[in-house]
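Input: a single structure, listed below in structure tokens.
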Amino acid sequence: MCATANDHLQERVNGLPAKIGYDSVVLILGTLPGKRSLMTGTYYADPSNKFWDILFMACGEKIEKSDTAKEILLKKYHIALWDILHSAVRDTSSDKDLLDEKPNDLPQYLAEYPQIKLLLFHSNDSYRYFKRFFKNTAVPYICVSSPSGQNRKSTLEKAEEWRAALSCVIPQLRIGPRLAWKGTPLCDIISSQERGIDMEIEKIRNYISYFETVNAETACRWEESIKLKNGTFSMPYPVYETQFLNFIDYVSNSDLMDVNYGGTLEEYGLEMNNELTKKIDTADFRLVKAILTCYVRQERFCDGLWGRAIKEGIFLALLKRIATLLTP
């Protein structure tokens with residue numbers, strides 16, 4: 001089901017600088033930022049990645065989407081962000097595609113910031129690279145569940161796990177509110193998976209109207225490859241219009257997402273390929289959620305997938321089927 005632009009050369013991708021302060025006590029380490037994060041210059045910018053939702057919940061704070069709120073969260077709880085890898089060669093956002101990996105100078109940073117008391121790895125790959133390049137450090141470390149949808153645990157379960165780990169070095173998490181802020185019901189901040197369907201039928205209809213009139217050419221345009229100063233070429237990449245990204249963000253934070261969509265499709269005897277679209281018109285609610293999740297998630301592994309889904313009316317068909325199933 002992958003859509004491509006033009007064949008292009010793999011390029012070396014450089015990560016983001018560490019987001020760290022001299023009062024940081026825990027360093028959360030990933031592998032290498034995805035394309036959306038590199039484009040925006042912000043950590044975990046892909047709306048399908050639940051990193052920020054999990055971190056807000058783990059700290060007992062209301063989930064916020066603004067960059068300012070995220071900065072405040074990191075400072076309040078003395079949390080630093082970085083990645084194990086400084087750079088690598090790749091042509092997708094998947095860690096499986098990395099080649100010629102170069103590590104960041106983690107030992108130097110730990111020497112420069114001696115107040116770091118814990119390293120937190122949220123992916124098997126980041127931990128694997130840590131052990132490969134550094135063997136060990138004097139700073140304790142913990143591995144927690146990945147915020148990626150590929151991990152089958154619910155967002156709430158992950159938040160509880162992260163909180164337990166973070167509380168080892170963040171005292172206020174040992175005594176603060178558990179996954180909620182004082183005076184506010186827990187149901188207001190837990191994962192939308194733990195609530196009933198929160199994507200109201202009226203909003204679904206609004207997005208149906210959007211996809212019925214959307215211009216596929218402007219909703220997804222491709223930035224061409226350009227020659228960089230070092231002589232290499234950047235990769236072409238799709239740029240999506242704001243209204244469409246709002247749709248992706250909304251769906252990514254609703255109960256229309258199936259975190260185990262791969263397993264669900266397997267139960268129905270289906271694979272992640274173009275044949276899925278033939279099942280939409282007759283899909284039950286569980287299957288249509290899995291197909292929608294598949295299309296939302298797979299863009300990070302296949303640039304331009306969303307653009308093709310817009311052009312071929314796949315998102316429109318999925319929303320129409322959901323509207324039919326939810327309408328009494």
Smallest heavy-atom separation, Ala80 atom then Ile20 atom, equals CB-CG1, 3.5 Å

Distance col, row Arg321:CZ vs Leu325:CG, nearest 0.5 angstrom, shows 4.0 Å

Considering only NZ, NE, NH1 and NH2 on the basic side and carboxylate oxygens on the acidic side, decide whether Glu275 and Lys278 come within less than 4.0 Å. yes

Output for pair (Cys59 SG, Leu166 CG), nearest 0.5 Å, gives 6.0 Å

Between the CZ atom in Arg308 and the SG atom in Cys302, the distance rounded to the nearest 0.5 Å is 7.5 Å

Query raised in the report: Aromatic ring centroids of Trp306 and Tyr240 under 6.0 Å?
Result: yes

- Donor-acceptor contact present, side-chain Ser154 to main-chain Glu157, <3.5 Å: yes

For the residue pair Asn14 and Leu32, establish whether any side-chain heavy-atom pair is separated by less than 4.5 Å.
no

**Q.** Heavy atoms from other residues, nucleotides or ligands near CD of Glu266 exceed 12 (cutoff 6.0 Å)
**A.** no

Could you tell me whether the side chain of Glu161 and the main chain of Ser145 form a donor-acceptor pair under 3.5 Å? yes

Correct closest heavy-atom pair for Leu106 and Leu27 would be CD1-CD2, 3.9 Å

Heavy-atom side-chain contact between Trp82 and Lys19 under 4.5 Å: no

Residues passing the side-chain hydrogen bond (donor to acceptor under 3.5 Å, both in side chains) test with Tyr127, sequence neighbours excluded, are none

| Side-chain touch Tyr22/Glu112, heavy atoms, less than 4.5 angstrom | yes

Heavy atoms of Ile204 and Ile322 approach each other most closely as CD1-CG2, 3.6 Å

Applying side chain to side chain contact (heavy atoms under 4.5 Å, CB included) to Ala45 and not counting sequence neighbours gives Arg36, Ser37, Thr40, Thr42

Ile72 meets the side chain to side chain contact (heavy atoms under 4.5 Å, CB included) criterion, sequence neighbours left out, with Thr68

- Query: Between the main-chain N or O of Ser148 and the side-chain N or O of Lys158, is there a donor-acceptor pair closer than 3.5 Å?
  - Reply: yes

* To do: Decide, yes or no, whether a salt bridge links Asp303 with Lys35 under the criterion of side-chain N to carboxylate O below 4.0 Å.
  => yes

To the nearest 0.5 Å, atom CG of Leu276 lies from atom CD1 of Ile314 at 9.0 Å

Please assess Glu61 against Lys76 for the test salt bridge (Lys or Arg N to Asp or Glu O under 4.0 Å), listing each intermediate value before the final yes or no.
CA-CA 11 Å; Glu61 301 284 346; Lys76 180 177 179 179; 2.6 Å; yes

| Within a radius of less than 6.0 Å around CG of Asn124, do more than 12 heavy atoms belonging to other residues, nucleotides or ligands occur? | no

Charged N to carboxylate O below 4.0 Å: is that the case for Lys65 and Asp53?
yes

d(Lys62 NZ, Leu73 CG) to nearest 0.5 Å is 14.0 Å

With a 4.0 Å cut-off on N to O distance, would you call Glu101 and Arg12 a salt bridge? no

Q.
Would you say that Asn104 contacts Leu85 through its side chain, given a criterion of any heavy-atom pair below 4.5 Å between the two side chains?
A. no

TODO: Taking atom types as modelled, find out whether Tyr268 and Asp284 have a side-chain donor-acceptor pair closer than 3.5 angstrom.
DONE: yes

Tightest non-hydrogen contact, residues Leu173 and Arg163, listed as O-NH2, 2.9 Å

Looking only at heavy atoms, the pair that brings Thr293 and Asp258 closest together is OG1-N, 2.8 Å

Residue set satisfying side chain to side chain contact (heavy atoms under 4.5 Å, CB included) with Gln115, at least two apart, ordered chain then number -> Ser24, Tyr113

Glu64 meets the side-chain hydrogen bond (donor to acceptor under 3.5 Å, both in side chains) criterion, sequence neighbours left out, with none

Would you sort out whether Glu212 and Lys320 count as a salt bridge (Lys or Arg N to Asp or Glu O under 4.0 Å), showing the intermediate values? CA-CA 11 Å; Glu212 285 177 333; Lys320 284 185 173 180; 3.6 Å; yes

- Query: When the ring planes of Phe244 and Phe247 are compared, do they come out parallel, tilted or perpendicular, using 30° and 60° as the limits?
  - Reply: tilted

Are Tyr261 and Gln298 linked by a side-chain donor-acceptor pair shorter than 3.5 Å? yes

Q) When you look at CD of Glu271, are more than 12 heavy atoms from neighbouring residues, nucleotides or ligands closer to it than 6.0 Å? A) no

query: Between Ser123 and Asp125, do the side chains contain an N or O donor and an N or O acceptor separated by less than 3.5 Å?
result: no

So ring pair (Phe, Tyr, Trp, His ring centres under 6.0 Å) across residues 26-49, not counting sequence neighbours, yields Tyr44-Phe51, Tyr44-His122

All heavy atoms of Arg297 vs all of Asn49, minimum pair found to be NH1-N, 4.4 Å

Counting distance only, does the side-chain N/O of Trp162 pair as donor-acceptor with the main-chain N or O of Leu120 below 3.5 Å? no

